[in-house]
Amino acid sequence: FPDCVGLVSIGAGSDQNPVSRISGDPGDNVAAAEQQGVEIATEVERLLGGRLKRISGKPTALLQTIALPLNELPTREQLIEQTGKGRATDRYNATTQLARLDRGEKLISEIAYPIQTWSFGDSFCMNFLAGEVCVDYALRLKSEIDRERFWLNAYSNDFGCYIPSERLVAEGGYGGGAEVPYFALPTTLQAGLEKLIIDEVHRQVPDAFHVPKGTQGVAPKTPEDSLRCMKTHDS
């Protein structure tokens, strides 16, 4: 397809693995890379061989920054204690937070989180979430918004921290708190952040893209389209 231009968009890919189930350090696993490349190329060929949908309608864009509050901040005494125990990453992060206090700065108590939506009439809608976003957000939004006309992007506009779902907040581990040192946060995100994010996405996405509850992201057809789907045997 020499006339095509390939663009890569990363969605809510955190907390999922490829079909090949490669984990840890892949090193020089060329065979797995080749397999995944063939899978991507095969899917591109399949899509281009099908019926493409034209994007039309007046474009509109919304951008809103919401606050994602953190849990109770550690005291200076607690940070000093953390510098001498636990993982090396936790000790290093504690010194980072202490350095901020020593400069007269306050520890951050919330994340400024940008959410953006582009829509093109009622033909297509794109949503952009910041940070490393858990796949649970994609699964949920594609069950509440017409998945045939909705495209979710992550790692957009900012990369302040990992964005866990409520499932990961409850589970703990990486995504539920263990990742905090890698983003130089003083503590973890409060529970309830998923509702804050989902509510803002729904506020920005035009009503035409929302689907009835329980349809799993499949929009109902018009009576005319439903009739066209009916097939009968020749008499």
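Just so you know, residue 1 is the first one in the sequence shown, and it goes up from there.
Between the side chain of Asn127 and the main chain of Asn153, no donor-acceptor pair closer than 3.5 Å is present. Proximity of a side-chain donor or acceptor of Ser123 to a complementary backbone N or O of Ser56 within less than 3.5 Å is detected. Tyr137 places a side-chain N or O within 3.5 Å of a backbone atom of Pro164 that can act as its donor or acceptor partner. Judged purely by atom type and a 3.5 angstrom limit, Arg100 has no side-chain atom pairing as donor or acceptor with the backbone of Glu105. Side chain of Glu166 to backbone of Gly192: a donor-acceptor contact under 3.5 angstrom is found. A distance-only check finds no donor-acceptor pair linking the side chain of Thr96 to the backbone of Ala94 [under 3.5 Å].
Lys85 is linked by a salt bridge (charged side-chain N to carboxylate O under 4.0 Å, His left out) to Glu81, counting only residues two or more places apart in sequence or in another chain. In terms of the side chain to side chain contact (heavy atoms under 4.5 Å, CB included) criterion, residue partners of Asp158 (sequence neighbours excluded) are, by chain and number, Pro114, Ala130. With sequence neighbours left out, the salt bridge (charged side-chain N to carboxylate O under 4.0 Å, His left out) criterion links Arg51 to no other residue. Every residue meeting the salt bridge (charged side-chain N to carboxylate O under 4.0 Å, His left out) condition with Arg76, not counting sequence neighbours, appears here in chain and number order: Asp102. The ring pair (Phe, Tyr, Trp, His ring centres under 6.0 Å) test applied to Tyr182 returns no partner, not counting sequence neighbours. For Tyr113, the ring pair (Phe, Tyr, Trp, His ring centres under 6.0 Å) criterion is met by no residue, not counting sequence neighbours. Listed by chain and residue number, nothing satisfies the ring pair (Phe, Tyr, Trp, His ring centres under 6.0 Å) test with Phe209 (two or more places apart in sequence, or in another chain). Residues passing the side chain to side chain donor-acceptor pair (under 3.5 Å) test with Lys58: none are found, sequence neighbours excluded.
The CZ atom of Arg203 sits 14.0 Å away from atom CD1 of Ile198, with the distance rounded to the nearest 0.5 Å.
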(request) Take Ile111 and Leu185 through the test side-chain contact (heavy atoms from CB on, under 4.5 Å) and record every step on the way to the result. (result) CA-CA 9 Å; Ile111 298 294; Leu185 298 179; 3.7 Å; yes
(request) Show your reasoning for whether side-chain contact (heavy atoms from CB on, under 4.5 Å) applies to Ile145 and Leu152. (result) CA-CA 11 Å; Ile145 300 170; Leu152 179 66; over 6 Å; no
(request) Just do the side-chain hydrogen bond (donor to acceptor under 3.5 Å, both in side chains) check on Thr95 and Thr83 with the steps written out, would you? (result) CA-CA 6 Å; Thr95 62; Thr83 61; over 6 Å; no
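When hydrophobic side chains of Ile, Leu, Val, Met, Phe, Trp and Tyr are connected at separations under 4.5 Å, Trp118 ends up clustered with Ile55, Phe120, Phe124, Met126, Phe128, Trp151. Hydrophobic cluster membership of Val135, counting Ile, Leu, Val, Met, Phe, Trp and Tyr whose side-chain heavy atoms lie under 4.5 Å apart directly or via other members: Leu139.
In terms of heavy-atom proximity, Arg87 sits nearest to Pro181 at NH2-CG, 3.6 Å. The two residues Leu70 and Ile108 come nearest to each other via the heavy atoms CD1-O, 3.3 Å.
Annotation: side chain of Leu129 is not in contact with side chain of Ile163 (no heavy-atom distance under 4.5 Å). Residues Val169 and Thr188 have side chains not in contact (no heavy-atom distance under 4.5 Å, counting atoms from C-beta outward). Inter-residue side-chain proximity for Leu48 and Cys4 is flagged as met; some heavy-atom pair is nearer than 4.5 Å.
Residue pairs meeting the salt bridge (Lys or Arg N to Asp or Glu O under 4.0 Å) criterion with at least one member in residues 123-140, sequence neighbours excluded, are Asp136-Arg167, Arg140-Glu144, Arg140-Glu194. Residues in residues 115-124 take part in no salt bridge (Lys or Arg N to Asp or Glu O under 4.0 Å) pair, two or more places apart or across chains.
Remark: the Gln78 side chain and the Gln82 side chain contain no N/O donor-acceptor pair separated by less than 3.5 Å.
When each of Thr60, Thr117, Asp199 is paired with Gln204, the side chain to side chain donor-acceptor pair (under 3.5 Å) condition holds for Thr117 and for no other.
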